[in-house]
Each structure stands twice: as structure tokens, then as C-alpha cells.
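Down below is the structure, laid out as C-alpha cells.
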Amino acid sequence: MTPDVRDGARGRPSRGAPARALDGTAERPGDQAVGETAWTRVLSLVRQADEVALACHVSPDGDALGSMLAVGLVLRSMGKRVVASFGDRTFSVPRLLRFLPGQDLLVPPADYPAEPALMITFDSSTLDRLGLLAVNAGKAREVVVMDHHPSNTGFGTIGIIDPGAAATAVLAEQLIYRLGGGLDRDVATCLYAGLVTDTGSFRHTSTTASAHEMAARLVATGLRTDEIARELWDRSPFGYLKVLGAALERVVLEDGLIWTYVTRLDRAAYGLPYAEVEAIIDVVRRTDEAEVAVVLKEDDLGAWQVSTRSKGAVDMAAICAALGGGGHRSAAGFTSHESVEATMDNIRALLPRKA
Ligand code: 5GP
Ligand code: MN
């Protein structure tokens, strides 16, 4: 592992250093470590802009929303007009992310500029993942895409894409430093939420030395790691336990695959919003007997949002991409408009046969 390039004793990422995979992972064919030309273009566009429109993927997680709000707070402190949004039909910040600073930057998709001069997207691997805001991106003069998904399709006019980065928040921190912005506690809280979400609290393989170094820079601002952890993982409404119970009641283990589903009726009985069932996969995936875990979650419109996880032997990004979605090797997803059984059959057909 090559350490990140630093400037001076404070351990900050260097502004002028050649950009490359920030966690020092070896570049695989197809990897596009971010080039200096891309950074230079982004910096000049941002500096010239009066207004910057930020967007992240639908049903935002900590990395999507955290990266976006961190950059939004810094751009606002530089005197820019900033709007930030995500393109869900029902626009609502997931409860567990409401503690993030900078929520006042958020506007619903209907109030988003129709043809932004400069739009920056966060953690979105495809244009589709922008939901309703894909239309705005299509009409924007410049679209900067900041992302770390290997499956990124290369949409937008400038890509700040690094599949070696542990989180989009890593790239957001780079952008902030390159803009000369400072890390105050609010900005750091947003970035930290992204980093801990995508490294699974420093458990996944993306947890490199540089991920911990970034955490050290963020924690040094005085943020409350205990409060952030409680908000993200250690609280839920009572209904969550009942819905989790229903999901576990019908869990199936078959040939190294563990799976279950949660319907909107399950949730309706307890008034539980969709975002609250995102974490069920983390309970299901721990099963020793299974390499692959799948949870189908019915959203408010009746579509199945499918979460998949593997322990590393099976490439879920490839399987989910074949089914119209994407993600990472060990954590990927897609949307299905078929029945639970048909959706599971589609997955089974793509899983490698057990020897
Ligand atoms: P989760 O299961 O936590 O919702 O998602 C796991 C990973 O899969 C995330 O990195 C996310 O980017 C990706 N993912 C989930 N759903 C979709 C989808 O519908 N389309 C695409 N392209 N990626 C998805
Ligand atoms: Mn991410």
C-alpha cells in the first residue's frame, strides 16, 4: 500500500499532488484514477460559478447525502448560491440522516434549476440513479460526476471517478481541499458519515490506512463519533423491530444463498417509512451458511428494491448490473418490477453453480 501524498505535518491531502487512487490500491485495467486535467477543469468551473446545483442518488445513504452536503456547506461559505437535492418522487430525508448539518441546502426536485449551468453529482453510478433529476442533468451545461463505483457508466461532462476510493466522501474531501475550503466540524460530520457508511464502520476491505487517516483528520475537528454512530446505526422506531421480525420469520436458506423480503404492507402496519428497512440486509448477511444474501424491499410505489451482499467470492456488482442495477463486488442492488419469486429466479440463474 502506498500512502497518500500529504502536505506537511498536518497530514492533509496535498492540493497540487498528482491525483490517484487515494487508498493506494493497485490500479486495475479500466480504473480511471482521477487525472489532474479533470480536477483543473472542475476547480475552474466551480470558481467561476455563481450558482452550483448539487445532486446525489435517490434514496440517499450516508455517503451520497454526506458528500453532497459537505461540498454544499463549503461552496456556500465561499459565497456561492447552492441548491442540493435528490430525485425521489416522495422527497424526504431518511430519518437516520436528518442529523447531518446543511439540511437547509436541500430543495425538492420540483424547485431544482431546470437547466443548471453547473451541476455536480455525488455517489451516482448511472444517470438513472439521479431519479427525477436525471432530466435536469440532461439539460445542464456542465455535469461533474463524483463517484467511486466501478460500475460508473461515465455519464456527465467531467468525471471525478475513482473506484479505488473507499467512499465518494474521499473525493469530496479532495475537492474541498483543492478549493481551499476548510474542514469545520459540520463539514467533517458530513464527510465522516459518508466514510463510516461506505466502509461499514471500518470493517469492509475498503478500510485502508488512508481511510483511517481521513477519519483522523475529520475527528480532529471535534466531531462526535459516538453521536454519529448512534444516529446512523443504534436507534430505530419500535415498528422496525416488528418488521425485522416479519422479515426474519420468512427468511430462506438454500445452497449458500440466504434471502427474504419486506412488503409495503409489513411497513404500513407500523407506519414505517421505506428508508427504515435498509438495514435488514445487515442482519441477514451475517449468516455463516451463506455466501450471498438478498433482501427484497417493496417501496411505496410497489417496486422491489433489491439489496444484495456477498462475502467476496461472488461478484454481486456483475450480477446486479445484468439485472439493470449496479454497485460494488460485495454490495450491490437493482430495482425489480417482477414478483418476488421471479426476481429470485433471475438472481439464482446468474449465481455461480456450487461445485
Ligand atoms: P444497498 O443494498 O445498500 O441499497 O446498495 C448497495 C450498493 O448497490 C450501493 O453501492 C448502491 O450504489 C448499489 N445499488 C443499489 N441499488 C441500485 C440500483 O437500483 N441501481 C444501481 N445502479 N445501483 C444500485
Ligand atoms: Mn458510496
Side-chain angles (χ1 to χ4, degrees), residues 22-23 56-71 86-88 94 96-97 121-131 134 145-155 160-173 190-200 204-207 211 214 232-233 259-262 274-285 292-299 301 303-310 315-338 343 346-347:
L22 291 181
D23 68 356
C56 67
H57 66 69
V58 290
S59 301
D61 59 13
D63 191 33
L65 195 65
S67 302
M68 176 171 78
L69 293 180
V71 170
F86 46 90
D88 287 77
L96 72 174
L97 297 176
T121 73
F122 296 84
D123 207 38
S124 213
S125 55
T126 66
L127 187 61
D128 277 2
R129 293 278 287 159
L130 294 175
V145 172
M146 304 196 67
D147 187 30
H148 69 130
H149 289 92
S151 58
N152 189 287
T153 53
F155 73 100
I160 300 288
I161 297 160
D162 184 356
T168 297
V170 171
L171 301 169
E173 192 205 16
C190 292
L191 293 174
Y192 188 81
L195 186 64
V196 292
T197 297
D198 272 31
T199 57
H204 302 337
T205 49
S206 50
T207 310
M214 175 172 168
L232 289 176
W233 300 295
W259 68 275
T260 188
Y261 62 95
V262 185
Y274 170 78
E276 300 284 346
V277 298
E278 302 269 17
I280 292 178
I281 188 72
D282 291 322
V283 181
V284 174
R285 73 182 168 87
V292 171
V294 176
V295 175
L296 297 87
K297 303 160 292 180
E298 191 181 12
D299 67 20
L301 299 171
W304 293 99
Q305 301 298 336
V306 185
S307 283
T308 75
R309 300 290 185 268
S310 88
D315 184 357
M316 295 317 299
I319 291 176
C320 290
L323 296 171
H328 310 274
R329 183 180 180 87
S330 54
F334 64 98
T335 303
S336 170
H337 298 283
E338 298 185 63
T343 305
N346 294 340
I347 296 173

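Every number for a ligand or one of its atoms is a count from 1 in the order of the listing. Nothing here was measured: the structure is a model prediction, and the numbers come from that model.
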Quick check on contacts: which atoms of ligand 1 are under 4.0 angstrom from a heavy atom of [X]?
X      : value
Gly325 : 20 (N), 21 (C), 22 (N)
Ala331 : 6 (C), 7 (C), 8 (O)
Ser125 : 22 (N)
His149 : 10 (O), 12 (O)

Under 2.8 Å from the Mn ion (ligand 2) - does any N, O or S atom of [X] fall there?
X      : value
His148 : yes
Asp147 : no
Asp63  : yes

Requested in this report: Check the angle between the aromatic planes of Trp304 and Tyr261 and answer parallel, tilted or perpendicular using the 30° and 60° thresholds.
Outcome: perpendicular
Query - Minimum non-hydrogen distance to atom 20 (N) of ligand 1, winning option of Arg129, His328, Glu278 - result: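 Answer by nearest heavy atom: Arg129.
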Requested in this report: Please determine which of Asn152, Thr197, Thr168 meets the side chain to side chain donor-acceptor pair (under 3.5 Å) test together with Asp123.
Outcome: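 Among Asn152, Thr197, Thr168, the one meeting side chain to side chain donor-acceptor pair (under 3.5 Å) with Asp123 is Thr168.
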Requested in this report: State, yes or no, whether a side-chain contact exists between Met68 and Met146 at a heavy-atom distance under 4.5 Å.
Outcome: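 No; the side chains remain at least 4.5 Å from each other.
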Report summary line: In Asp198, the N/O/S atom nearest the Mn ion (ligand 2) carries the name OD2
Report task. Return yes or no for this condition: an N or O of Thr308 is under 3.5 Å from an N or O of ligand 1. Result ->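 Between Thr308 and ligand 1 (N or O atoms, distance only) the closest approach is not under 3.5 Å.
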Query raised in the report: Going by distance only, is there an N or O of Arg309 that falls short of 3.5 Å from an N or O of ligand 1?
Result: yes
